[in-house]
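Right, one structure below, let's go through it.
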Amino acid sequence: AQSVTQLGSHVSVSEGALVLLRCNYSSSVPPYLFWYVQYPNQGLQLLLKYTSAATLVKGINGFEAEFKKSETSFHLTKPSAHMSDAAEYFCAVKTSYDKVIFGPGTSLSVIP
Amino acid sequence: DAGVIQSPRHEVTEMGQEVTLRCKPISGHNSLFWYRQTMMRGLELLIYFNNNVPIDDSGMPEDRFSAKMPNASFSTLKIQPSEPRDSAVYFCASSLDSIQETQYFGPGTRLLVL
């Protein structure tokens with residue numbers, strides 16, 4: 001069975017600082033990996049996804065994530081945080097044989 | 001495209017009442033998902049359909065919950081009878097297929113059961 005963990009339920013960064021949100025997964029077969037963002041009172045929307053092509057995946061709003069098989073990680077980064085990045089971020093894992101599993105989420109606060 | 005449409009956006013009801021949540025997926029999408037989000041349990045997949053057929057309903061909490069998809073453009077999630085612990089935000093999402101494609105979420109229905 002697959003699973004996903006996100007280290008840190010809440011992360012605070014200063015505006016302009018590096019954003020790093022951690023995601024580790026467990027899967028017995030090659031996974032598909034996703035990062036979704038949820039703004040207040042809205043549904044989730046896709047930031048980026050890894051589907052076994054390039055290990056460094058670029059998404060919307062300047063975010064990117066790197067798939068590291070040896071570390072079973074798919075951490076999300078952004079070089080410079082913006083106030084509009086404040087939201088809840090969810091990592092998700094899926095295989096061809098199973099349903100998608102979402103992590104518990106990380107709430108990102110950006111301090112001016 | 002208008003995206004995934006959910007109604008109502010907010011629902012307040014009393015314990016014991018029947019609640020019906022509605023979803024219209026994006027046209028052309030073959031898979032539809034119902035999720036529940038709470039502070040305590042996070043985001044939980046309740047059920048998903050592929051080509052209008054329920055594929056996995058293992059996340060449905062109990063027999064009080066039921067979901068239907070009579071055609072490709074409409075799905076309902078029904079709770080009967082409702083209980084206070086059902087209070088949550090319920091999301092519907094759709095995707096082109098159920099394997100690797102992106103899921104597109106609706107705005108959610110915020111349910112409060114008194």
Side-chain angles (χ1 to χ4, degrees), chain A residues 1-10 21 23 25 27 29-54 57-61 63 65 67 74 87-107, chain B residues 1-10 21 23-26 29 31-50 53-60 67 88-112:
Chain A
Q2 57 199 5
S3 65
V4 59
T5 58
Q6 293 183 240
L7 184 63
S9 60
H10 188 86
L21 304 182
C23 172
Y25 69 92
S27 177
V29 297
Y32 303 118
L33 295 161
F34 306 81
W35 275 101
Y36 284 83
V37 61
Q38 183 180 28
Y39 298 104
N41 299 314
Q42 295 185 26
L44 281 69
Q45 56 183 278
L46 183 74
L47 271 180
L48 49 82
K49 66 180 179 181
Y50 167 77
T51 56
S52 75
V57 183
K58 294 187 183 299
I60 62 172
N61 301 338
F63 284 93
F67 172 66
F74 190 57
E88 189 89 13
Y89 291 80
F90 294 89
C91 183
V93 61
K94 195 190 185 310
T95 70
S96 296
Y97 315 104
D98 210 345
K99 59 189 177 186
V100 65
I101 302 295
F102 283 87
T106 297
S107 177
Chain B
D1 199 310
V4 175
I5 299 172
Q6 292 187 247
S7 65
R9 292 293 310 276
H10 302 272
L21 311 181
C23 175
K24 177 179 170 55
I26 293 173
H29 282 191
S31 296
L32 183 140
F33 308 81
W34 281 101
Y35 291 91
R36 178 173 67 177
Q37 186 178 39
T38 62
M39 289 292 292
M40 292 297 295
R41 302 175 67 91
L43 193 64
E44 304 172 274
L45 177 65
L46 300 177
I47 185 171
Y48 78 93
F49 296 82
N50 198 42
V53 176
I55 303 300
D56 185 344
D57 65 354
S58 60
M60 296 286 263
V89 181
Y90 291 81
F91 289 103
C92 176
S94 70
S95 68
L96 280 171
D97 68 46
S98 63
I99 298 181
Q100 65 166 290
E101 287 296 329
T102 303
Q103 292 187 25
Y104 294 83
F105 282 74
T109 294
R110 189 172 297 273
L111 174 65
L112 177 61

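Chain letters run A, B, ... following the sequence lines, proteins first, then strands; residues in each count from 1. Worth knowing before you read on, the calculation uses all heavy atoms, side chains too, and leaves out hydrogens, waters and symmetry mates.
The contact between Gln38(A) and chain B is made entirely by side chain atoms (from C-beta outward), counting heavy-atom distances below 4.5 Å.
Annotation for Leu7(A): atom CG does not count as buried by contact number, only 12 or fewer foreign heavy atoms lying within 6.0 Å.
At a heavy-atom separation below 4.5 angstrom, chain A is approached by Tyr35(B), Gln37(B), Leu43(B), Leu45(B) within residues 35-47 of chain B.
With sequence neighbours left out, the ring-ring contact (aromatic ring centres under 6.0 Å, His included) criterion links Tyr36(A) to Phe102(A), Phe105(B). With sequence neighbours excluded, no residue forms a side-chain hydrogen bond (donor to acceptor under 3.5 Å, both in side chains) with Trp35(A). Among residues two or more places apart in sequence or in another chain, the salt bridge (charged side-chain N to carboxylate O under 4.0 Å, His left out) test is passed with Asp56(B) by Lys99(A).
Here the rule is ring-ring contact (aromatic ring centres under 6.0 Å, His included) with Phe67(A), and of Tyr50(A), Tyr32(A), Phe34(A) only Tyr50(A) fits it.
Trp34(B) has its side chain within reach of Leu21(B): a pair of non-hydrogen atoms, C-beta onward, lies under 4.5 Å apart.
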